[in-house]
S.K.: 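Here it is, the structure, as structure tokens.
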Amino acid sequence: MPWFVIDDSAYSHPKIVNAGNAALGLWLRCGSYAAQHLTDGIVPGVVVRMCQGTPAQVRKLVAAGLWHEHGHTCPHPKCAQPQPGDYYMHDYLDPYNPSRREVENRRRREAEKKQKYRAGKAAEQLPLDEPADDTPPPPRPRRDDARPIPADWQPADADVEAAQLARADAGLPQLTPQQLDQVTRRFVRRMTDDQVRAAAWGGRWQGWAERERVEQQPAPGGTVLPFGTAVTKSQQQRAGLDRLRQNGGVSA
């Protein structure tokens, strides 16, 4: 908020001493109003009443030469002539308080300076030889696009690559094409059985493929079981018989 500026020595000036403390308070309050609203020293009569100035206080300010009424004959060249009912503060613009034009010009220069500074910063962050990438991002799937998974659904190459990379990061073996095919069939069957609806399936499938457990491969000459199937008791017995035949009928 702008402040009404006066010389410190003015408080001992005979005009201020003669006006008295109460009138001086009104003078200071109205001076602050003039500085804030850029009136160039004009004090409207309504502001005097707003500041609870009394007729006696106004008369003291006028008599002391601190305020001028309409029709005054002050010889000072900067003491403007107020409208009837208003007042003018003697020597307001000389030498401490800037005029309305000076304040507006200073504000305009400061605004232009800030605008140039911000434009320079923007140019540093985005050089002219590097145009901005205005390509809009791809639209995200909407909830109303959700539908059941197609029976022939297959993961995209990017989904397979992401799943294999995740397995490698977790120290898990890579899935073979046959294993990927089995994972996909089980995934589609489960989504169908659970009546799951979604707009995209790649992310869900990646989670399945990342967690897929791969059975240990048997030693050379052993019985190879199909991937992803449970080992039954009869299969275990046949595997044991195969090992006995390979060892000449001697149990290992």
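Numbering starts at 1 and runs along the sequence shown. Note: hydrogens, waters and symmetry copies are ignored here, and every other heavy atom, side chains too, is used.
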S.K.: Heavy atoms only: give me the nearest Pro82-His72 pair and the separation to one decimal.
M.R.: CD-CD2, 3.8 Å

S.K.: With a cut-off of 6.0 Å (strictly less than), are more than 12 heavy atoms of other residues, nucleotides or ligands near CD of Glu161?
M.R.: no

S.K.: Pick out which of Asp159, Ile149, Val188 makes a side-chain contact (heavy atoms from CB on, under 4.5 Å) with Trp201.
M.R.: Ile149

S.K.: Does Tyr92 form a side chain to side chain contact (heavy atoms under 4.5 Å, CB included) with Lys78? I'd like the steps, not just the answer.
M.R.: CA-CA 8 Å; Tyr92 177 85; Lys78 292 188 177 181; over 6 Å; no

S.K.: Of the non-hydrogen atoms in Ala209 and Leu175, which two are nearest, and what is the gap between them?
M.R.: O-CD1, 3.8 Å

S.K.: With rounding to the nearest 0.5 angstrom, report the CE to CH2 distance, Met191 to Trp153.
M.R.: 10.0 Å

S.K.: State the CZ-NE2 distance between Arg100 and His37, to the nearest 0.5 angstrom.
M.R.: 10.5 Å

S.K.: Would you please test Gln182 and Arg185 for side chain to side chain contact (heavy atoms under 4.5 Å, CB included) and show each step?
M.R.: CA-CA 5 Å; Gln182 292 185 6; Arg185 288 202 303 270; 3.4 Å; yes

S.K.: Can you find a heavy atom in the side chain of Thr184 that is under 4.5 Å from one in the side chain of Phe187?
M.R.: no

S.K.: So, the side chain of Arg211 versus the backbone of Gly207: is there a donor-acceptor pair under 3.5 Å, distance only?
M.R.: yes

S.K.: Verify the cluster assignment for Leu180 and Leu172: are they in a single hydrophobic cluster under the rule of side-chain heavy atoms below 4.5 Å apart?
M.R.: no

S.K.: Of all the heavy-atom pairs spanning Tyr88 and Cys79, show the shortest one and how long it is.
M.R.: CE2-CA, 3.4 Å

S.K.: With sequence neighbours excluded, what pairs up with His70 under the ring-ring contact (aromatic ring centres under 6.0 Å, His included) test?
M.R.: none

S.K.: Answer with yes or no whether the hydrophobic clustering places Leu165 together with Val183; edges join I, L, V, M, F, W, Y residues whose side-chain heavy atoms lie under 4.5 Å apart.
M.R.: no

S.K.: Please name all residues satisfying ring-ring contact (aromatic ring centres under 6.0 Å, His included) with His90, sequence neighbours left out, ordered by chain then number.
M.R.: His68, His76

S.K.: By side chain to side chain donor-acceptor pair (under 3.5 Å), which residues pair with Arg106, not counting sequence neighbours?
M.R.: none

S.K.: Could you report the tightest heavy-atom contact between Glu69 and Gln81, atom names first, then the distance?
M.R.: O-OE1, 3.5 Å

S.K.: Honestly curious: do Trp208 and Val196 fall in one hydrophobic cluster under the side-chain, below-4.5 Å linking rule?
M.R.: yes

S.K.: Would you name the heavy atoms of Arg167 and Glu212 that are closest together and state the gap between them?
M.R.: NH1-O, 2.7 Å

S.K.: To the closest 0.5 Å, what do you measure between NZ (Lys60) and CG (Leu26)?
M.R.: 11.5 Å

S.K.: Flag yes if more than 12 heavy atoms outside Asp194 fall under 6.0 Å of its CG atom; otherwise flag no.
M.R.: yes

S.K.: Grab the two heavy atoms, one from Val47 and one from Cys30, that are nearest each other, plus how far apart they are.
M.R.: CG1-SG, 4.5 Å

S.K.: Working to the nearest 0.5 Å, report the span between CD of Glu102 and CG of Asp40.
M.R.: 8.5 Å

S.K.: Who passes salt bridge (Lys or Arg N to Asp or Glu O under 4.0 Å) against Arg189, sequence neighbours left out?
M.R.: none

S.K.: So does Asp193 have more than 12 non-hydrogen atoms from other groups sitting under 6.0 Å from CG?
M.R.: yes

S.K.: Does a sphere of radius 6.0 Å around CD in Glu110 hold more than 12 heavy atoms from other residues, nucleotides or ligands, not counting ones at 6.0 Å or beyond?
M.R.: yes

S.K.: Can you sort out the partners of Tyr87 under ring-ring contact (aromatic ring centres under 6.0 Å, His included), two or more places apart, ordered by chain and number?
M.R.: Trp67

S.K.: With sequence neighbours left out, write down each residue that passes side chain to side chain donor-acceptor pair (under 3.5 Å) with Arg197, or none if nothing qualifies.
M.R.: none

